[in-house]
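In what follows, a single structure is set out as structure tokens and then discussed.
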Amino acid sequence: MARRISTPLTDDVVKTLKAGDNVLISGVIYTARDAAHKRLVALIEKGEELPMDIRGQVIYYVGPCPAKPGMAIGSAGPTTSGRMDPYAPILMENGLKGMIGKGRRSDSVRNAMVKWNAVYFAAIGGAGALLSKCVKAADLVAYEDLGPEAIRRLTVEDFPVVVVNDAHGNDLYEQGVKEYRIK
Amino acid sequence: MIMEPLDLYADIYDLVVKCCTDISPDVKKIMQNAIEVESSPTARSMMQAMLDDVKLAQEKDKPLCQSPGFPAVYVTFGDGTRPGNIKELFAKALVTATKNGYMRPSMVHPLTRSNPGDNSGVRVPNFEFDYVPEQEFLDITLSFKGCGAELGNAMKIFTTAQLGKDYSGLKRFVLETVTKAGGVPCPPIGLGIGIGGQMDVACRLSRRGISTRRWDDSNPDSLYASLESELLQAINRLGIGPAGTGGDTTALAVKIEGASTHTAIAPVAISFHCWTARRAGIRLYPDGKREEIL
Ligand code: SF4
């Protein structure tokens, strides 16, 4: 059974999430890929304000397709998270609580999740049309020049994800694979 | 004789749209069968979601994945069926499909990363032409291959000794490469393995096999056929599963293509294909007859 949670994520909710949990997310999440991450981190390093308050928030690693008329967004499945690894720890240090993507994270990102109490979710890679159905609204927040890689505020309803890394150091990519591995 | 290119634009545009909105029927069937035997409930529901995704994309006439991957066109032609300027037609079809919302602008300069915004670009799509003098038809197959999937690719020039007894060195290389890629290539994957030639040949063959063959076919070469099924089974014992979160279904197909090589080397290239096996083809005859290639 999937568990329903809503954003922003509180520290208490984050603590109760366990690797392997099926979760449905409702509320606001933000889109960003590497180019946008680079800009966010540059702002933090200069001590300047970010285009959105990331405390308690979730970032979805996605570069969606353009929306068809009458739709909030085009197809919108996860992109490879590893590309955001160099930037993720500093965002968590500044209050980011969740990330959605696909694929393994680096050790420094996994350590940062434990240190700053944050989680990493996987969405189903490739299922972009299906996932876009859960997006009810999409508004541009910053970096329009980046096109599909601009930062957008998505309002989602029951967006399906699986907890891969929890704040206690567990990793579903290791556990799940071990469980189904045939020696 | 050159096939009249003007005739082909509508067909080519249809191939592009089909690649955006559908996956090959053979792959759907393999996935359906996998759902029945998969022991992880999460893995089962994920694969069902993937099939639902394709259905929805069809219904809504929209891309099934936000990423079009990279387009490649495989053309085989004979003396009487030269393809005319299909390069231009494909480039135009990609730009038009992008304008019509089927493709996210994803083609960029390899270094500056500047994006013209319409999926136009140098060597986009990539073409592989094969001249078969006596062939009486023209085959055009378009393949969109995911680029998250590309991140797992590997190539190695083995020596004869490194291939190992019963090709154990080759098998180990394949299994290690799949393990390392984990959930990134959007499993369940199709794996293309190119063997022989020099580096460039092995790499091209690795993609050709998995991008143009039906995933349920069997290799006419018995050695390659037995390696394909042995590797498929071995990969599915790794436990990686759909989306990499654990399960029995890590790969749906393994396809090997070979070429002769030099005594000193044994090049091996591995191309990952995500589960979104977007392949569409058409066979054209000089009299205007057209057949879909499945
Ligand atoms: S690798 Fe994943 S994200 Fe990329 S095209 Fe394939 S299914 Fe889509």
Side-chain angles (χ1 to χ4, degrees), chain A residues 1-2 19-22 31 34-35 62-71 73-83 101-104 121-133 145-149 160-164 171-183, chain B residues 20-21 23 39-40 42-43 45-47 49-50 52-68 98 101-106 113 115 117 146-149 151 179 181-187 236-250 274-276:
Chain A
M1 258 306 280
D21 287 356
N22 286 301
T31 71
D34 6 4
V62 61
C65 286
K68 284 205 153 192
M71 303 288 293
I73 200 167
S75 294
T79 193
T80 306
S81 307
R83 295 199 316 273
K102 61 161 172 149
R104 231 176 261 126
F121 306 98
I124 303 172
L130 193 73
L131 292 170
S132 70
K133 251 196 0 185
D145 61 299
L146 294 179
E149 302 199 32
V161 293
V162 184
V163 179
V164 169
D171 186 330
L172 180 64
Y173 287 137
E174 282 166 12
Q175 288 169 11
V177 169
K178 218 182 268 161
E179 189 179 335
Y180 289 96
R181 191 178 185 114
I182 302 166
K183 285 271 146 40
Chain B
C20 296
T21 57
I23 66 172
S39 64
S40 155
T42 304
S45 73
M46 278 183 174
M47 285 192 282
M50 291 168 187
D52 291 347
D53 176 71
V54 176
K55 234 173 66 223
L56 186 74
Q58 289 271 287
E59 273 165 33
K60 303 265 183 221
D61 190 30
K62 66 190 239 177
L64 57 98
C65 179
Q66 75 288 345
S67 168
T98 306
Y102 288 108
M103 296 174 74
R104 185 187 67 187
S106 304
R113 318 306 287 178
N115 188 335
C147 287
L151 290 170
T179 303
V184 167
C186 291
N236 284 330
R237 282 197 292 269
L238 293 174
I240 295 166
T245 54
D248 316 311
T249 318
T250 301
C274 44
W275 66 268
T276 64

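Proteins get letters first, then strands, A, B, ... in listed order; numbering begins at 1 in each. A quick note: this is a predicted structure, and the numbers were derived from the prediction, not measured.
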Inset, instruction - Check each atom of B:T21 against the heavy atoms of chain A and say whether the ones under 4.5 Å are side chain, backbone, both or neither. - result: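 When you check distances to chain A, no heavy atom of B:T21 falls under 4.5 Å.
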
Legend entry - Contacting moiety of B:D61, where chain A heavy atoms sit under 4.5 Å: both

Legend entry - Top contributor to chain A contacts, counting heavy-atom pairs under 4.5 Å, from B:T250, B:I240, B:L238, B:T42: B:L238

Inset, instruction - Name the member of B:C274, B:G183, B:C65 that forms the most heavy-atom pairs with chain A at distances under 4.5 Å. - result: B:C65

Inset, instruction - Mind ranking A:A35, A:G103, A:A122, A:G77 by heavy-atom pairs under 4.5 Å with chain B and telling me who comes out on top? - result: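 Option with the greatest count: A:G77.
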
Inset, instruction - Tell me, out of A:G128, A:A129, A:C65, who's got the most heavy-atom pairs with chain B below 4.5 Å. - result: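 Looking at each option in turn, the highest pair count goes to A:A129.
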
Legend entry - Structural part of A:P78 lying under 4.5 Å from a heavy atom of chain B: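 Contact with chain B: backbone only.
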
Legend entry - Residue part contacting chain B, namely of A:P148, when any heavy atom lies under 4.5 Å: side chain

Inset, instruction - May I ask you to test the A:S132-B:K62 pair for a side-chain heavy-atom distance under 4.5 Å? - result: yes

Hey, what do you get for [atom1] ([X]) to [atom2] ([Y]), rounding to the nearest 0.5 Å?
{"X": "A:L131", "Y": "B:L56", "atom1": "CG", "atom2": "CG", "result": "10.0 Å"}
{"X": "A:E179", "Y": "B:T245", "atom1": "CD", "atom2": "OG1", "result": "10.5 Å"}
{"X": "A:I73", "Y": "B:Q66", "atom1": "CD1", "atom2": "CD", "result": "9.5 Å"}
{"X": "B:D52", "Y": "A:K133", "atom1": "CG", "atom2": "NZ", "result": "8.0 Å"}
{"X": "A:I182", "Y": "B:N236", "atom1": "CD1", "atom2": "CG", "result": "8.5 Å"}

Inset, instruction - For B:T276 and A:G126, indicate whether the former's side chain and the latter's backbone hold a donor-acceptor pair under 3.5 Å. - result: no

Legend entry - Donor-acceptor under 3.5 Å (B:R104 side chain, A:G63 main chain):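 Side chain of B:R104 to backbone of A:G63: a pair is present.
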
Legend entry - Neighbour count >12 (heavy atoms, 6.0 Å) for atom NZ, B:K55: no

Inset, instruction - Determine the minimum heavy-atom distance between B:S39 and A:Y180, stating which atoms define it. - result: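 So the minimum-distance heavy-atom pair works out to OG-CE2, 3.5 Å.
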
Legend entry - Over all atoms of both residues, closest heavy-atom pair of B:V184 and A:K102: O-NZ, 2.9 Å

